[in-house]
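Notes to accompany the following structure.
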Amino acid sequence: MAKNLVIVESPAKAKTIEGFLGKEFTVKSSFGHVRDLSKNDLGVDVTNDFKPNYIISQDKKKIVAELKKLASTAEVVWLASDEDREGEAISWHLIQALDLKESKTRRIVFHEITKDAILNAIKNPRPLDVNLVDAQQARRVLDRLVGFELSPVLWRKVKPSLSAGRVQSVAVRLISEREKEIEKFNSISSFKVVGDFIVNRDSKDYVLHAELNKRFEKKDEAEVFLKKCVNASYSISSVETKPSKKSPSPPFTTSTLQQEASRKLGFSVSKTMIVAQQLYESGKITYMRTDSYNLSDMALSTAKNEIISSFGKEYQQTRQYTTKTKGAQEAHEAIRPTYISNHSIDGDVSQKRLYEMIWKRTIASQMSDALLEKTNVNIAVSSASEEFVARGEVIKFEGFLKVYIESTDDENDENGKGTLPEVFKDEILDMQEISAIERFTLHLPRYTEATLVKKLEELGIGRPSTYAPTISTIQKRGYVVLETREGKERSYTTITLKNNKISSKNNTEIYGYEKSKLFPTDIGNLVNLFLMEHFSDILDYNFTANVEKEFDEIAEGNKIWNNMIKEFYAPFKIKVTDIQKNSEKVSGEKLLGIEPESGKNVYVKLGRFGPMVQLGEADENNKPRFAGLLKNQSMETITLAEALDLFKLPRKVGIYKDEEITAAIGRFGPYVKYGNAFYSLFKTDDPHTVTLERAIEVIEEKLDKDSKKLIKEFDKNPEVKILNGRWGAYIAIGKENYKIPKDKKPEELTLEDCILISKQPKKPAKRGFRKGNN
DNA sequence: CAGTGAGCGAGCTTCCGCTTGACTT
């Protein structure tokens with residue numbers, strides 16, 4: 001039995017560390033937190049100084065029992081959870097849950113996984129920092145109170161099963177308010193003027209592409225300018241060359257890794273984390289949930305050697321970056337390759353690509369600046385005061401650009417790259433062509449998953465371990481959707497001067513194409529409005545930053561955590577109670593207009609099952625009619641005509657064999673109903689116009705398919721059937737379905753085979769969620 | 001994933017941060 005038990009948070013870390021320590025040490029992992037507030041109630045006794053009710057988490061009971069057993073026989077238990085607020089709390093919870101005696105317990109910390117760092121930590125144990133633990137308790141209790149008090153308000157006032165929280169509600173706010181700004185935005189057009197000029201060198205022509213230093217608001221003004229250019233002469237008024245430089249970006253943190261993987265590899269935030277976790281578990285990269293730019297001394301020196309041997313001494317520059325992120329806890333290193341000498345790795349395509357990106361970014365961060373030379377050439381027009389400007393950029397020394405070019409979120413950034421031909425002041429140029437092109441101002445961009453993470457990090461909201469889950473939560477709740485929306489067409493004008501002739505042309509272009517962007521839903525907008533009206537203090541972008549300051553005071557021992565919570569909770573609870581009692585239910589109800597036939601009002605509002613339209617009001621004699629909005633409709637944009645269309649369904653299509661056929665749109669798309677059964681229509685069928693012939697065709701097709709559904713049944717047990725489904729044959733027993741192994745022929749299966757297959761363990765259900773619209 | 005088609009009624013839902021699983025004699 002080992003004399004020493006070391007407990008860390010992550011099993012991969014445990015494995016590595018065990019290799020550093022001798023036989024006297026057993027290293028185990030707690031798998032993160034082992035206890036949490038009870039889930040069935042508030043979990044906090046608000047009448048008793050906010051005493052938390054901690055429970056060993058269901059999925060941690062086994063590991064706690066195992067650790068307890070090991071701890072009882074060990075001479076010393078070393079608590080080596082991370083050196084941050086949560087890590088300190090994990091150690092404290094372990095002391096409580098494992099019932100550790102102070103005399104044989106040591107708290108140690110390190111923030112890089114190297115042998116030296118671990119051995120040094122063992123030599124320098126420190127007492128548990130109870131103030132830091134209290135700061136974590138304050139954080140935990142505050143989040144619980146906010147979440148479990150606000151969510152029930154939403155259940156009653158908006159819709160059941162909704163949620164609110166310190167982090168998720170701000171994320172929704174960002175998306176909802178950005179969309180409002182975009183709706184309000186008016187695009188203005190102006191005319192950008194570009195000219196191509198010819199430079200002749202050694203009897204070869206070079207084109208100098210330049211842009212006028214002024215834009216014209218109106219088409220006439222642009223025309224006036226072009227007229228002036230007819231027969232004008234063009235000369236170079238100045239040539240300015242100045243050196244500049246570019247420095248590499250720091251190595252990756254969770255947030256920057258997610259952003260760059262999104263831009264360069266097209267990975268979603270969750271995909272990045274899944275692949276990074278695989279790399280981490282196979283020992284290829286350091287820990288992937290970090291907010292630190294720090295690299296260990298060992299990493300710095302191996303990077304240095306690597307760069308010098310691969311590229312040469314002049315490419316190397318040791319750099320240590322400092323974090324400026326709000327609320328960073330810096331318990332880990334930056335994300336880097338474990339072995340920097342490995343330029344690439346074995347693995348699947350995603351793993352290889354992500355690893356390569358991490359390797360390049362890490363290496364580049366330790367390389368020298370790129371030296372550039374920027375040139376501005378001004379071209380004067382003899383008949384006008386405006387000047388054309390040509391910009392060029394030449395790389396004099398690549399530096400870090402040799403391995404890594406960071407991409408940007410800016411979608412139109414093409415200006416001033418490349419070399420210019422050598423030109424001289426007062427040189428006269430031939431003009432080849434000048435065009436005035438109508439350009440439009442752009443609204444602020446919608447958030448992608450990755451730019452939302454970037455914004456949240458800037459605001460200090462959320463942690464590396466929660467960025468991906470937060471994005472998933474606000475989609476699960478139906479507050480936002482991740483969508484690609486097609487652009488629209490618009491026309492723009494180009495006026496061209498060529499060969500002394502001015503011509504004008506209308507062209508068309510596609511604009512507003514949005515790829516994988518986050519859009520708010522009606523529910524998201526409504527919940528945001530509601531929370532902003534009543535709880536704007538919690539939705540404030542600075543709320544987290546402000547409470548973080550108080551957590552810091554608690555951590556420094558200058559504040560008592562229960563007092564901080566009390567100051568927050570007293571007014572908050574009064575507000576919650578008041579709203580629950582006195583506030584009206586919100587539905588976002590809006591009068592769209594009047595139905596011409598009946599003269600009844602048509603409303604759009606949020607109902608129990610989502611957005612819907614309503615015809616007429618409820619009174620003693622009449623019930624209003626309701627109809628749900630279609631998937632591509634929203635409360636914000638639906639028109640009266642579209643709403644009236646919704647009431648036309650279900651529509652009588654006709655009679656077939658003495659039974660009526662009706663057509664409507666349901667949760668799963670358009671369908672026809674015949675007798676008591678439903679038949680899905682195709683995407684190309686419109687229930688408003690579908691003919692009786694087509695409806696019968698769809699019905700007969702389905703009936704035909706159903707008749708072929710049954711492959712085999714058994715007299716001995718009518719419960720068991722072999723059926724043909726959408727994904728091939730399967731076994732149905734009662735209400736349960738089972739997959740047939742690939743090597744078996746469905747027709748040949750016996751009853752015994754079926755029973756045997758049904759006893760096989762089932763694959764675990766996917767953790768994914770349905771993108772419900774209800 | 002194995003088949004669905006609602007209408008504001010008896011039940012339940014929810015937070016943020018740590019960390020990975022995938023039951024068994």
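Source: prediction; values computed, not measured. A, B, ... follow the sequence lines: proteins, then strands. Residue 1 opens every chain.
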(request) Sequence neighbours left out, what passes salt bridge (charged side-chain N to carboxylate O under 4.0 Å, His left out) with A:Arg35? Give chain and number order. (result) none
(message) By the definition salt bridge (charged side-chain N to carboxylate O under 4.0 Å, His left out), identify the one residue from A:Arg139, A:Arg85, A:Arg166 that meets it with A:Glu548.
(response) A:Arg85
(request) Hey, which sits more toward the 5' end of DNA chain B by its nearest nucleotide, A:Lys13 or A:Leu150? (result) A:Leu150
(request) Report the distance from atom CD of A:Gln136 to atom C1' of B:dC18, rounded to the nearest whole Å. (result) 9 Å
(request) Round to the nearest Å and state the distance from A:Ile63 atom CD1 to B:dG21 atom C1'. (result) 11 Å
(message) Expressed as a whole number of angstroms, how long is the span from A:Glu281:CD to B:dT20:C1'?
(response) 7 Å
(request) Kindly write out the residues that satisfy salt bridge (charged side-chain N to carboxylate O under 4.0 Å, His left out) with A:Asp291, not counting sequence neighbours, or none if the list is empty. (result) A:Arg463
(request) Give one of base, sugar-phosphate or nothing for A:Pro469, where a contact means two heavy atoms less than 4.0 Å apart. (result) nothing
With the criterion being N/O to N/O and under 3.5 Å, what pairs connect the protein with nucleotides 7-12 of chain B, and how long is each?
none

(request) Tell me the stems DNA chain B sits in, counting at least three consecutive Watson-Crick or G-U wobble pairs, each under 3.5 Å on both distances. (result) none
(request) Using side-chain contact (heavy atoms from CB on, under 4.5 Å) as the criterion, list what pairs up with A:Leu591, not counting sequence neighbours. (result) A:Asn601, A:Tyr603
(request) May I ask you to check whether over 12 heavy atoms, not counting those of A:Lys28, lie within 6.0 Å of atom NZ? (result) no
(message) Test ring-ring contact (aromatic ring centres under 6.0 Å, His included) on A:Phe50 and A:Tyr569; report intermediate values, then the result.
(response) CA-CA 10 Å; A:Phe50 302 94; A:Tyr569 188 70; 5.5 Å; yes
Hey, what are the protein-to-nucleotides 15-17 of chain B N/O distances that come in under 3.5 Å?
residue, atom, partner, partner atom, Å
B:dC15, OP1, A:Ser163, OG, 3.3
B:dC15, OP1, A:Gln168, NE2, 2.8
B:dC15, OP1, A:Arg477, NH2, 3.1
B:dC15, O2, A:Arg140, NH1, 3.1
B:dC15, O2, A:Arg144, NE, 3.1
B:dC15, N3, A:Arg140, NH2, 3.0
B:dC15, N3, A:Arg144, NE, 3.2
B:dC15, N3, A:Arg144, NH2, 3.2
B:dC15, N4, A:Arg144, NH2, 3.3
B:dC16, OP1, A:Val167, N, 3.0
B:dC16, OP1, A:Gln168, N, 2.9
B:dC16, OP2, A:Gln168, NE2, 3.2
B:dC16, O4', A:Asp143, OD2, 3.2
B:dC16, O3', A:Arg166, NH2, 3.0
B:dC16, O2, A:Arg139, NH1, 2.8
B:dC16, N3, A:Arg140, NH2, 3.4
B:dG17, OP1, A:Arg166, NH2, 2.7
B:dG17, OP2, A:Thr466, OG1, 2.9
B:dG17, O4', A:Arg139, NH2, 3.2

(request) May I ask you to say what A:Tyr287 touches in the nucleic acid, namely base, sugar-phosphate or nothing, with a heavy-atom cut-off under 4.0 Å? (result) sugar-phosphate
(request) Evaluate whether the aromatic ring of A:Phe31 and the six-membered ring of the B:dC18 base sit under 5.5 Å apart, centre to centre, with an inclination under 30°. (result) no
(message) Is any side-chain heavy atom of A:Lys573 closer than 4.5 Å to one of A:Leu145?
(response) no
(message) Under a 3.5 Å distance rule, please check whether A:Lys455 uses its side chain to pair with a backbone N or O of A:Leu174 as donor and acceptor.
(response) no
(message) If you define the side chain from C-beta out and look only at heavy atoms, does anything of A:Asp84 sit under 4.5 Å from A:Glu330?
(response) no
(request) Would you check if the side chain of A:Ser29 reaches a backbone N or O of A:Ala14 as a donor-acceptor pair within less than 3.5 Å? (result) no
